[in-house]
Amino acid sequence: MTSLPILRVYESFVRKNSGWYIAAIDNVKSFSVCFAPYSMNYYENEEMYVGFESATDVMSMYHNAILGRRGSDDFKCGPESPGIVRLKSLLRLIVKTQLFMEILATKKSKQKWGLIVVIEFIKVVLRLGMLYNNGGRPLVRFTSAELKLLNDRSKCLEIAHKNFPELQKEHTTSDPTDCRLADLVTLYAEHGRGVTPHGSFRPRPETRQLPPTKTLDVISEVLRIIRPLVYSGMRYVSKQEDVKPWAAALATDLMSILLQKLSTEDSPEKTAAESSKVLLLLLYLLRAPVYKRYTKGVLKVFVHLIKRIPLLGSALLGPILDISLELVERRYFTTSAS
């Protein structure tokens with residue numbers, strides 16, 4: 001993947017030890033996410049904790065690229081040319097580091113919202129480019145079954161090395177002709193025809209002819225994409241307790257859902273996108289200023305009731321919920337669903 005000697009050594013290490021090494025990093029990150037916010041000095045070292053979580057997320061991206069795998073955050077955006085692959089990688093990189101950038105800019109409110117507007121604008125441009133590449137169809141994530149099929153690519157060469165002696169030459173010579181069979185194996189895997197343990201290619205999977213996209217569906221998806229920019233942009237120019245940004249974002253989401261309902265075209269991608277939109281409406285209860293005015297009071301009553309439970313509530317669940325409520329109020333990207 002790279003010509004830098006130190007990175008080539010690291011990539012070779014990851015390929016040889018991916019089983020335990022990647023699992024160890026994921027476990028450390030999970031431990032940090034679950035327990036770090038509830039440590040006594042969390043807010044004094046918030047940048048360090050969030051930065052560590054962002055760094056492990058970026059490392060996971062790098063490891064997936066090394067192993068030829070797709071992550072659970074990958075999504076469908078049509079034919080993947082090298083340019084589109086770079087756009088997707090850039091978008092995922094921004095999403096994985098945006099909370100860290102927000103934490104660094106939290107000292108000044110205007111500075112924070114200015115940075116958030118810039119981040120959301122870049123994400124909108126990237127997503128609109130991928131939406132165009134996808135023919136206007138919703139940008140939805142791959143299902144677990146689809147990811148399993150696509151990630152066969154990471155196992156293809158390992159199996160093929162055992163069954164095709166020609167591939168062994170890649171490690172002993174730099175002649176590009178020696179990589180042709182490896183390229184063929186990869187090409188077959190990318191089209192769902194991975195190598196079986198017996199060394200043969202799998203049958204060609206059935207392909208579904210996609211119907212043409214309707215204008216209402218395209219407008220609906222565009223509204224969904226620009227909604228975070230609408231909210232953050234209005235927060236930047238409005239007063240802190242102004243309800244207009246919240247109302248404008250909600251209206252944008254509701255219009256997106258309505259347009260999608262009006263369209264008669266039905267597809268698995270459309271159904272998945274529609275379901276996610278409806279569920280994400282619940283996050284509006286956690287966004288300013290509605291959260292501070294209404295939802296927070298209701299949740300505090302709930303937490304108070306939890307604390308009355310002996311031991312489990314008073315010593316464990318109560319303090320955890322108290323800190324969770326504060327984190328929701330402090331962080332835009334925690335509840336932005338962007």
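Side chain of N133 to backbone of C77: a donor-acceptor contact under 3.5 angstrom is found. A distance-only check finds a donor-acceptor pair linking the side chain of N134 to the backbone of G78 [under 3.5 Å]. Remark: side-chain polar atoms of N45 are not paired, donor with acceptor, to backbone N or O of M48 under 3.5 angstrom.
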Checklist entry - Given the rule in the ring-ring contact (aromatic ring centres under 6.0 Å, His included) test, do F13 and Y21 qualify, once you have shown the distances and angles that lead to the verdict? => result CA-CA 9 Å; F13 171 81; Y21 179 65; 5.1 Å; yes
Item to check | Pair R86-E80, salt bridge (charged side-chain N to carboxylate O under 4.0 Å, His left out): steps then yes or no | outcome: CA-CA 9 Å; R86 294 189 189 98; E80 295 193 4; over 6 Å; no
Checklist entry - Going through the distances and angles, do R137 and E221 end up as a salt bridge (charged side-chain N to carboxylate O under 4.0 Å, His left out)? => result CA-CA 8 Å; R137 297 179 181 85; E221 187 68 7; over 6 Å; no
Checklist entry - Given the rule in the side-chain contact (heavy atoms from CB on, under 4.5 Å) test, do L299 and T295 qualify, once you have shown the distances and angles that lead to the verdict? => result CA-CA 6 Å; L299 292 178; T295 314; 3.9 Å; yes
Checklist entry - R127 and I226: side-chain contact (heavy atoms from CB on, under 4.5 Å), yes or no, with the steps? => result CA-CA 9 Å; R127 285 190 172 121; I226 68 172; over 6 Å; no
Checklist entry - Y284 and V290: side-chain contact (heavy atoms from CB on, under 4.5 Å), yes or no, with the steps? => result CA-CA 8 Å; Y284 278 92; V290 169; over 6 Å; no
Checklist entry - Please walk me through it: do L325 and K300 pass side-chain contact (heavy atoms from CB on, under 4.5 Å)? => result CA-CA 8 Å; L325 293 184; K300 279 190 171 294; 4.1 Å; yes
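Atom CZ of F121 has 12 or fewer heavy atoms from other residues, nucleotides or ligands within 6.0 Å. Around the CZ atom of F302, the shell of radius 6.0 Å holds no more than 12 heavy atoms that belong to other residues, nucleotides or ligands. More than 12 heavy atoms of other residues, nucleotides or ligands shown are found within 6.0 angstrom of CZ on R293. Around CG of L282, the count of heavy atoms belonging to other residues, nucleotides or ligands within 6.0 Å exceeds 12. Within 6.0 Å of CE on M61 lie more than 12 heavy atoms contributed by other residues, nucleotides or ligands. In this structure, Y132 places its OH atom where only 12 or fewer heavy-atom neighbours from other residues, nucleotides or ligands lie under 6.0 Å away.
Between R287 and E329, no side-chain nitrogen of the basic residue sits less than 4.0 Å from a carboxylate oxygen of the acidic one, so the salt-bridge criterion is not met. Note on K96 versus E53: no salt bridge recorded, every NZ/NE/NH1/NH2 to OD/OE distance being 4.0 Å or above.
Put simply, CG on L327 and CG on D322 are 11.0 Å apart, with the number rounded to the nearest 0.5 Å. To the nearest 0.5 Å, atom CG of residue L280 and atom OG of residue S338 are 10.5 Å apart. Interatomic distance, CG of L91 versus CD1 of I122, reported as 10.5 Å (0.5 Å rounding). Note: I103 CD1 to E47 CD = 7.5 Å, rounded to the nearest 0.5 Å. Note that the CG atom of L223 and the CD atom of Q260 stand 10.5 Å from one another [nearest 0.5 Å]. Of the inter-residue distances, the one linking L147 atom CG with R69 atom CZ reads 12.0 Å to the nearest 0.5 angstrom.
For the 3.5 Å distance criterion, the side chains of Y332 and E120 qualify, holding a donor opposite an acceptor. S54 and T97 are not linked by any side-chain donor-acceptor pair at a separation below 3.5 angstrom, with hydrogens and angles left out of the test.
No side-chain heavy atom of K307 sits under 4.5 Å from any side-chain heavy atom of L321. Using a 4.5 Å heavy-atom threshold, the side chains of L258 and L254 count as separate. Using a 4.5 Å heavy-atom threshold, the side chains of V218 and K214 count as separate. Side-chain atoms of I119 and I94, non-hydrogen and from C-beta on, do get closer than 4.5 Å to each other. Taking the side chain as every heavy atom from C-beta outward, S220 and S256 approach each other to under 4.5 Å. Contact annotation: the side chain of S72 never approaches that of R141 to less than 4.5 Å [non-hydrogen atoms, C-beta and beyond]. For the pair I66/R15, a side-chain contact is recorded, criterion being any heavy-atom separation below 4.5 Å from C-beta on. A heavy-atom distance below 4.5 Å is not found between the side chains of K88 and L126.
A single hydrophobic cluster is not seen to contain both V85 and M130; linkage of ILVMFWY side chains at heavy-atom distances under 4.5 Å, directly or through other members, places them apart. The hydrophobic clustering, which links ILVMFWY residues whose side-chain heavy atoms are closer than 4.5 Å, places V28 and I22 apart. If you chain together hydrophobic residues whose side chains sit under 4.5 Å apart, I257 and L285 never meet in one group. Using a 4.5 Å cut-off between side-chain heavy atoms of Ile, Leu, Val, Met, Phe, Trp and Tyr, with links allowed through other members, F100 and V58 fall into different hydrophobic clusters. Cluster membership check: L93 does not share its hydrophobic cluster with I84, using side-chain heavy-atom separations under 4.5 Å among Ile, Leu, Val, Met, Phe, Trp and Tyr.
Across all their heavy atoms, A249 and V230 have their closest contact at N-CG1, 4.4 Å. Taking both residues in full, the closest heavy atoms of L139 and R224 are given as O-NH2, 3.6 Å, listed atom of the first, atom of the second, then distance. Of all heavy-atom pairs between E102 and L115, the closest is N-CD2, 4.3 Å. Summarising the geometry of G318 relative to I306, their closest heavy-atom pair is N-CG2, 4.3 Å, with the distance given to 0.1 Å. Looking at every heavy atom in both residues, H63 comes nearest to I25 through CE1-CD1, 3.5 Å. In terms of heavy atoms, K29 sits closest to T56 at CG-OG1, 3.1 Å.
The side-chain hydrogen bond (donor to acceptor under 3.5 Å, both in side chains) pairs that include a residue from residues 232-252 are Y231-R235, where partners are two or more places apart or lie in different chains.
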